[in-house]
Amino acid sequence: MPYLVRYNSPAAPALRLVCFPHAGGGASFFRGWSRHLDPSVEVLAVQYPGRESRFTEPLVPTMAPLADGVSKELLAEPPVRTALFGHSMGAMVAYETLLRLEAEGATHVARLCASGRALDAPPVGASEITDSELIASVKALGGPNAQVWDDPDLCEILLPIIRNDYRLIDDYQRVPDAPLLRAEVLALSGDADPRITPDRAALWATATKGPFSSEVFEGAHFYLTAHAERVSRLAVSGL
């Protein structure tokens, strides 16, 4: 099945917003974002294998094939001025996807929005922690539907997904001499997020030769659930 889920279909889109979910998340996290934007903005979300509509597919355990798959599908789309928005793990998948797009000569992706993730984030240690420790770590971040972790049956389904994603991001190594992006980078974070401070968010400036800016919102790691309208509009503002 395709990586891209289309949440609206403008006849002639003026802009495109492509959203990359967090670890354990699915495309539906961004289902409502199109209603906050002008109808001419096409909103796509990435569906990682092994969840939601792709539940029967094998999970992808490493970054490279994930970014390869998404970039291949985006290159097949008509070139429309585009912003990539990735939250938490999704910020790194979006970054790696953009590296591939730019390497292929794509010039229409104008902005990377890196949300809730530091460029130099330390590993979680997913391979060493127990299931109960992993669940406690996820619940501590809050987020949508955190109560599902109190249901043993849902935990059994979701644990392999979240452990896969945590391992993926733990094992991921950004190439030290990766080319600088041409696109603008916007770093977004919550003021009470224990995983990213404004200083660490500012390190995203070192990943691009284009413009850099940052925005801090009230809230913790999943600040964007309360600020979806403002965040989605900011992601495409001025493109």
Side-chain angles (χ1 to χ4, degrees), residues 3-5 7 17-33 43-55 59-63 66-67 69-70 83-98 112-126 129 134-149 154-155 157-172 174 186-190 192-196 200-201 204 215-217 219-228 231-232 234-235:
Y3 275 95
L4 301 176
V5 176
Y7 282 124
L17 176 62
V18 184
C19 303
F20 294 71
H22 52 280
S28 65
F29 183 78
F30 299 101
R31 186 190 305 276
W33 278 31
V43 178
L44 308 178
V46 174
Q47 190 74 281
Y48 308 135
R51 65 212 75 197
E52 295 186 349
S53 60
R54 305 185 71 180
F55 181 74
L59 295 162
V60 177
T62 55
M63 177 69 77
L66 200 58
V70 179
L84 306 185
F85 180 98
H87 182 64
S88 199
M89 180 185 91
M92 301 317 300
V93 184
Y95 166 72
E96 287 290 333
T97 297
L98 184 50
L112 169 66
C113 303
S115 167
R117 175 79 188 185
L119 190 62
D120 64 340
V124 177
I129 60 178
L134 181 58
I135 291 169
S137 173
V138 175
K139 290 176 71 174
L141 294 176
N145 305 315
Q147 69 276 9
V148 301
W149 296 103
L154 289 175
C155 272
I157 294 170
L158 296 174
L159 263 172
I161 299 171
I162 194 71
R163 190 175 286 281
N164 173 87
D165 291 358
Y166 272 33
R167 283 176 174 160
L168 182 153
I169 206 65
D170 275 356
D171 293 343
Y172 166 71
R174 178 172 171 256
L186 168 62
L188 306 97
S189 58
D193 189 337
R195 292 193 172 182
I196 181 169
R200 293 182 67 203
W204 277 102
E215 291 282 341
V216 180
F217 293 79
H221 189 63
F222 282 96
Y223 74 90
L224 67 172
T225 56
H227 300 285
V231 171
S232 58
L234 185 62

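Below, each value reflects all heavy atoms present in this structure, side chains not excepted, and no hydrogens, waters or symmetry copies. The first residue in the sequence is number 1, and the count goes up from there.
Of all heavy-atom pairs between Tyr3 and Val60, the closest is OH-CG2, 4.2 Å. For the residue pair Ala235 and Phe85, the shortest heavy atom distance occurs at CB-CD1, 4.3 Å. Across all non-hydrogen atoms, the minimal contact from Ile135 to Cys155 is CD1-SG, 3.9 Å. Nearest heavy atom pair, residue Ile196 against residue Ala118, reads CD1-N, 3.7 Å. Between Ala23 and Ile162, the closest heavy-atom pair is O-CD1, 3.4 Å. Here the closest heavy-atom approach between residue Trp33 and residue Ser232 is recorded as CE3-CB, 3.5 Å.
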Q: Go through the steps to decide whether Val5 and Phe30 satisfy the test side chain to side chain contact (heavy atoms under 4.5 Å, CB included), and finish with yes or no.
A: CA-CA 10 Å; Val5 176; Phe30 299 101; over 6 Å; no
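A distance of 15.5 Å separates CG of Leu188 from CZ of Arg117, quoted to the nearest 0.5 Å. Residue His87 holds its NE2 atom at 5.0 Å from CG of Leu224, rounded to the nearest 0.5 Å. Atom CZ of Phe20 and atom CG of Leu44 lie 9.5 Å apart (nearest 0.5 Å). Rounding to the nearest 0.5 Å places CE of Met89 at 7.0 Å from CE of Met63.
Legend: residues meeting ring-ring contact (aromatic ring centres under 6.0 Å, His included) with Trp204, ordered by chain and number and at least two apart, are Tyr95. In this view, His22 satisfies the side-chain hydrogen bond (donor to acceptor under 3.5 Å, both in side chains) rule with no residue, not counting sequence neighbours. In terms of the side-chain hydrogen bond (donor to acceptor under 3.5 Å, both in side chains) criterion, residue partners of Ser88 (sequence neighbours excluded) are, by chain and number, His221. Not counting sequence neighbours, Glu52 has no partner by the salt bridge (charged side-chain N to carboxylate O under 4.0 Å, His left out) test. For Asp193, there are no salt bridge (charged side-chain N to carboxylate O under 4.0 Å, His left out) partners, not counting sequence neighbours. A search for salt bridge (charged side-chain N to carboxylate O under 4.0 Å, His left out) contacts involving Arg200 returns Asp120, not counting sequence neighbours. The salt bridge (charged side-chain N to carboxylate O under 4.0 Å, His left out) test applied to Arg195 returns no partner, not counting sequence neighbours. Residues forming a side-chain contact (heavy atoms from CB on, under 4.5 Å) with Asp170 (at least two apart in sequence, or on another chain): Pro123, Val124, Ala126. Applying the side-chain hydrogen bond (donor to acceptor under 3.5 Å, both in side chains) criterion to Thr62, with sequence neighbours excluded, gives no partner residue. Residues satisfying the ring-ring contact (aromatic ring centres under 6.0 Å, His included) criterion with Phe217, sequence neighbours excluded, are Tyr223, His227. When the side-chain contact (heavy atoms from CB on, under 4.5 Å) test is applied to Ala226, no partner is found at least two apart in sequence or on another chain. Tyr48 is linked by a ring-ring contact (aromatic ring centres under 6.0 Å, His included) to nothing, counting only residues two or more places apart in sequence or in another chain.
Considering Leu66, Leu59, Asn164 in turn, Leu66 is the only one that fulfils the side chain to side chain contact (heavy atoms under 4.5 Å, CB included) rule with Pro49. Tested against Arg163 for a side chain to side chain contact (heavy atoms under 4.5 Å, CB included), the candidates Val138, Leu134, Leu158 yield a single pass: Leu134.
Looking at heavy atoms from C-beta onward, Ile161 lies in side-chain contact with Asp165 at the 4.5 angstrom threshold. Using a 4.5 Å heavy-atom cutoff, the side chains of Tyr7 and Cys19 are not in contact. Proximity of Leu112 to Leu186: side-chain heavy atoms (C-beta onward) are nowhere separated by under 4.5 Å.
Panel note: side chain Gln47, backbone Ala27; a donor-acceptor pair is recorded below 3.5 Å.
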